[in-house]
Amino acid sequence: MTESRNPENDPKSAESRPGGSVNFIEAIINEDLKQGKNNGRIHTRFPPEPNGYLHIGHAKSILLNYGLAKKYNGKFNLRFDDTNPIKEEQEYVDSILEDVKWLGADWEDRLFFASDFFDQLYEWAEKIISEGNAYVDDQPATVIAQQRGTPTQPGIESPFHDRSVEENLDLFRRMKAGEFRDGEKVLRAKIDMSSPNMHMRDPVMYRILHAHHHRTGNKWCIYPMYDWAHGESDYLEGITHSICTLEFEVHRPLYNWFVDQIQTDEYRPRQIEFARLNITYTVMSKRKLLELVNEKFVEGWDDPRMPTISGLRRRGYTPESLRLFAEKVGVAKRDNVIDVALLEHSIREALNRHSPRVMAVLNPLKVVIANYPQQHEMITLENNPEDPEGGTREVPFSGTLLIEREDFLVDPPKKFFRLAPGLEVRLKGAYIIRCEEYKTDDAGNVAEVICTYDPDSKSGGAGSQRKVKGTLHWVSAPHAVDAQVRMFDRLFLREDPENVPEGEDYKKNLNPDSLQILEGCKVEPGLKEAMPGEKFQFQRLGYFCVDKLSTPDNLIFNRTVPLRDSWARSQG
RNA sequence: UGCCCGAUGGUGUAAUUGGCAACACGUCUGACUCUGAAUCAGAAGAGUCCAGGUUCGAUCCCUGGUCGGGCAACCA
């Protein structure tokens, strides 16, 4: 069984989609290959703008682009689209590099920046001007916007539309030389002001920005616009399939127009658009995520409640889990909203096979075993029943234990397979105990449960065959180690947090209880040495990982995801 | 009133020379279980947005609608 769980030969892995079907992008690539385009070369890229942290939607794109390159024996580039120095920062470059690497997408030696191509872009711009296909416009942005018309009305040509090539060249060179102030002039492509496609109405190619660029410093005071820089960067890198999201669909004619201006041989990059990822109970726009960070609704970009890659990593998600998720989600052009349960299923699937099982009690209740004679003994426990090579460990057992508070009920409902007066349960890996009586404190809360144990029932022992309905996790009170445990819930109360009445804000849907910090949790002693990032299954509770702020003297665990719990579900 | 996309169970995705709809998640049963997990077995749930047309036959092709999304930064 365990062999077939290996992702490589697991027939259920999305690697083998039903019927060997391909998504629409693969269909396009297959067709391109059949037609012999680009000498059969496949080359993709991921082109983030370094103006924020990457989120799981980007992860889908990265995995898609990298996966395609792998599948077709092609190459994958990482390119920063850094054409707007005002919004872009080195911090974001660093985080993106870390995230892409962590996901396992390997760009080898092909890390690029659009700013690497500024000189070439400038040269091409002069060429386009020389050919009469671009001009310098002296009008302010507001006027240009006005002249652009609306989707239903054609635009009108700028009074500077027909400047001579010589004058355009001169002005453009002086723009570059820094003779003008920000916004004083722009370079525009000369296409068609009456095009039904707004993007073809003489789009801006360069604007003047006397700003410091995170890479080129003060070398430039004119910066290329996205449309102008993007396709040309693809061209320079030899990208064959330039995959982006749906909102760029209307940009494609412009992408092609720009490529037309500089293409010199058969090779040509092709833009393909797919629908971005959306997930229930979360928001997925950089702007909104930035807002949550800036306005302190979360503790930072890597807050475990954030759908950012760094947040998911800190939460305990693994690259494999995200890969599984991306495969299940698929690729298409229709708008979609993925049930967050699919994400949770993916991380459980990944963690179930890899994470060692340990015992931890989140909300301790004292259990005294009245007839237990010894001080303590060591119990041998399996580290991972899913992994035959997982090995075993020793855990102390004593006459004073701690169990989960919710595992004891004075007056249990039917089918409650846990502890209650007169009932028996097995302590995982140890003995069967029976609840004889319990004590309450002044407030009437249960303070202590008194049990007796059956010495013959020890796991693995001769009399261990006896069956009881329930099995509880536990820790030995004198040996247990303290820990803080952070429980995360969905960040938003609504499945569709952005769906709000006119004038209201999505932040109104924030879940006030998305973070619950539990102090005084007790974990088995071996966990004291757990290192940040380590992942465990706390038996019967869920998957947890050691937070980056955790130390041996101040253990902090993050709950990645709870185990499925059909009992809880049946109880409503 | 323009242009561009899209529409298949609750949610995603598939059905690739047109042959009465498959897989995953979720849901519900049951088995097994020293994790009420995992695993295993099974069930319910769509007749493919609508109307025409082509065809022996349409999720697939054509026409016309309807609904949803996108497009008017010197953002990407």
Side-chain angles (χ1 to χ4, degrees), chain A residues 1 5 12 14 17-23 27 30 47-49 51 81 83-84 86-87 137 140-141 144-146 148-155 182-183 185-188 195-201 203-209 223 225-227 229-230 244 246-253 273 275 280 286 327-339 341-346 348-349 352-353 357 359 382 385-386 415-418 425-430 432 457 459-460 464 467-473 537-542 562-570:
Chain A
M1 173 177 83
R5 304 296 313 285
K12 281 201 279 187
R17 276 188 289 272
S21 69
V22 297
N23 64 46
N30 288 342
E49 183 190 12
N51 70 340
D81 232 324
T83 57
N84 185 356
I86 295 169
K87 287 190 184 173
D137 197 328
I144 290 178
Q146 243 166 18
R148 184 141 31 227
T150 70
T152 53
Q153 291 166 264
D182 286 5
K185 288 184 168 35
V186 289
L187 181 71
R188 290 228 262 167
S195 169
N197 182 340
M198 297 292 294
H199 297 279
M200 299 299 273
R201 322 241 262 228
V204 172
M205 292 172 67
Y206 277 98
R207 75 284 214 189
I208 299 172
L209 249 29
Y223 289 92
M225 299 289 290
Y226 165 83
D227 289 296
H230 199 91
C244 61
L246 248 32
E247 65 266 32
F248 291 102
E249 204 150 23
V250 280
H251 292 239
R252 196 183 336 132
E273 312 84 14
T280 54
K286 276 195 197 174
E327 284 166 358
K328 290 177 208 292
V329 155
V331 183
K333 293 190 76 161
R334 83 182 74 143
D335 293 332
N336 62 82
V337 184
I338 306 297
D339 191 336
L342 189 63
L343 215 211
E344 295 179 342
H345 173 264
S346 303
R348 286 193 189 104
E349 186 180 351
N352 177 49
R353 36 204 206 208
R357 269 100 247 241
M359 293 201 282
E382 220 179 350
E386 304 283 325
K415 292 194 174 174
F416 181 77
F417 304 143
R418 305 182 189 184
V425 294
R426 170 169 296 280
L427 294 175
K428 178 76 186 173
I432 292 173
S457 65
S459 295
S464 69
K467 301 285 183 208
V468 287
K469 267 299 191 181
T471 301
L472 304 187
H473 60 278
Q537 185 197 93
F538 286 2
Q539 282 196 66
R540 301 212 304 135
L541 296 175
L563 251 31
R564 289 189 51 170
D565 187 349
S566 57
W567 169 249
R569 258 180 298 145
S570 71

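Order of the sequence lines sets the chain letters (A, B, ...), proteins ahead of strands, with each chain counted from 1.
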Select one nucleotide: of [options], the one nearest the side-chain heavy atoms of [X].
X: A:Lys328; options: B:A76, B:C74, B:A24; answer: B:A24
X: A:His345; options: B:U35, B:A76, B:C25; answer: B:C25
X: A:Ala332; options: B:U13, B:U35, B:C4; answer: B:U13
X: A:His199; options: B:G2, B:C25, B:C71; answer: B:C71
X: A:Val22; options: B:U16, B:A38, B:G70; answer: B:U16
X: A:Phe416; options: B:G2, B:G36, B:C4; answer: B:G36
X: A:Arg569; options: B:A14, B:C28, B:G36; answer: B:C28
X: A:Asn84; options: B:A38, B:G6, B:A76; answer: B:A76
X: A:Gln537; options: B:U1, B:U35, B:C75; answer: B:U35
X: A:Asn352; options: B:C4, B:A38, B:G12; answer: B:A38

Identify whether any heavy atom of [X] sits under 4.0 Å from a base atom; if not, whether one sits that close to sugar-phosphate; answer base, sugar-phosphate or nothing.
X: A:Gln539; value: base
X: A:Arg357; value: base
X: A:Ser566; value: sugar-phosphate
X: A:Arg418; value: base
X: A:Ile338; value: sugar-phosphate
X: A:Pro140; value: base
X: A:Gly470; value: nothing
X: A:Ser195; value: nothing
X: A:Val250; value: base
X: A:Val186; value: base
X: A:Tyr223; value: nothing
X: A:Lys467; value: sugar-phosphate
X: A:Val468; value: nothing

query: So, A:Arg252 and A:Glu273, do they make that salt bridge, N to O below 4.0 Å?
result: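 Here A:Arg252 pairs with A:Glu273 in a salt bridge, since their nearest N and O are under 4.0 Å apart.
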
Work out how far the [atom1] atom of [N] is from that of [M], and round it to whole angstrom.
N: B:G10; M: B:G45; atom1: P; value: 11 Å
N: B:U59; M: B:A21; atom1: P; value: 9 Å
N: B:G69; M: B:A51; atom1: C1'; value: 24 Å
N: B:U63; M: B:C4; atom1: P; value: 13 Å
N: B:G30; M: B:C61; atom1: P; value: 45 Å
N: B:C60; M: B:A15; atom1: P; value: 14 Å
N: B:U17; M: B:G9; atom1: P; value: 24 Å
N: B:G68; M: B:G36; atom1: C1'; value: 42 Å

Please report the distance, rounded to the nearest Å, between [atom1] in [X] and [atom2] in [N].
X: A:Leu427; N: B:U35; atom1: CG; atom2: P; result: 13 Å
X: A:Asp227; N: B:C74; atom1: CG; atom2: P; result: 11 Å
X: A:His230; N: B:A73; atom1: NE2; atom2: P; result: 21 Å
X: A:Glu386; N: B:A38; atom1: CD; atom2: P; result: 10 Å
X: A:Asn336; N: B:G69; atom1: CG; atom2: P; result: 14 Å
X: A:Glu273; N: B:A76; atom1: CD; atom2: P; result: 18 Å
X: A:Arg188; N: B:A72; atom1: CZ; atom2: C1'; result: 13 Å
X: A:Asp81; N: B:A73; atom1: CG; atom2: C1'; result: 16 Å

- prompt: On RNA chain B, nearest-nucleotide positions of A:Ala275 versus A:His251: which is more 5'?
  reply: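 Final value for this comparison: A:Ala275.
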
- request: Map A:Asn197 and A:Lys415 onto RNA chain B by nearest heavy atom, then report which one ends up closer to the 5' terminus.
  value: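 Nearest nucleotide further toward 5': that of A:Asn197.
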
So, is [X] close to the [N] phosphate, meaning a side-chain N or O under 4.0 Å from OP1 or OP2?
X: A:Arg148; N: B:C74; answer: yes
X: A:Ser570; N: B:G36; answer: no
X: A:Arg564; N: B:C25; answer: no
X: A:Arg207; N: B:A73; answer: no

Across all strands shown, which nucleotide pairs with [N] by Watson-Crick or G-U wobble geometry, both distances under 3.5 Å?
N: B:G2; value: B:C71
N: B:G10; value: B:C25
N: B:U33; value: none
N: B:A44; value: none
N: B:C61; value: B:G53

Is it true that a side-chain atom of [X] and a backbone atom of [Y] form a donor plus acceptor pair closer than 3.5 Å?
X: A:Arg540; Y: A:Thr471; value: yes
X: A:Arg348; Y: A:Pro562; value: yes
X: A:Arg201; Y: A:Arg148; value: yes

field: Donor-acceptor pair present, A:His473 side chain and B:A37 base, under 3.5 Å
entry: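 Answer is no: no donor-acceptor pair is held.
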
query: Quick one: does A:Gln153 reach the base of B:U1 with a side-chain donor-acceptor pair under 3.5 Å?
result: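 Counting by modelled atom types and ignoring angles, no donor-acceptor contact under 3.5 Å is found here.
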
- prompt: Using the ring of each side chain (for Trp, its six-membered ring), is A:His251 parallel, tilted or perpendicular to A:His199, with breaks at 30° and 60°?
  reply: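 Aromatic pair A:His251/A:His199 classed tilted.
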
message: I'd like to check A:Pro203 versus A:Met225 (side-chain heavy atoms, cut-off strictly below 4.5 Å). Are they in contact?
response: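 Answer no - side chains too far apart.
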
query: Are the side chains of A:Ile338 and A:Leu343 in touch, meaning some heavy atoms are under 4.5 Å apart?
result: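 Not touching, per the 4.5 Å side-chain cut-off.
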
- request: Indicate syn or anti for B:G10, taking the glycosidic torsion and treating anything within 90° of 0 as syn.
  value: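 Glycosidic conformation of B:G10: anti.
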
message: Tell me if B:A14 is syn or anti. Syn = glycosidic torsion within 90° of 0, anti otherwise.
response: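 Base orientation: anti.
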
Under 3.5 Å, which protein N or O atoms sit close to an N or O of nucleotides 8-10 of chain B? Give each pair with its distance.
residue, atom, partner, partner atom, Å
B:U8, OP2, A:Arg334, NH1, 3.1
B:U8, O4, A:Arg334, NH2, 3.3

task: Kindly confirm whether the side-chain ring of A:Tyr226 is stacked on the base of B:A76, judged by centres under 5.5 Å and planes under 30°.
output: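 It does not: the ring fails the test against the base of B:A76.
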
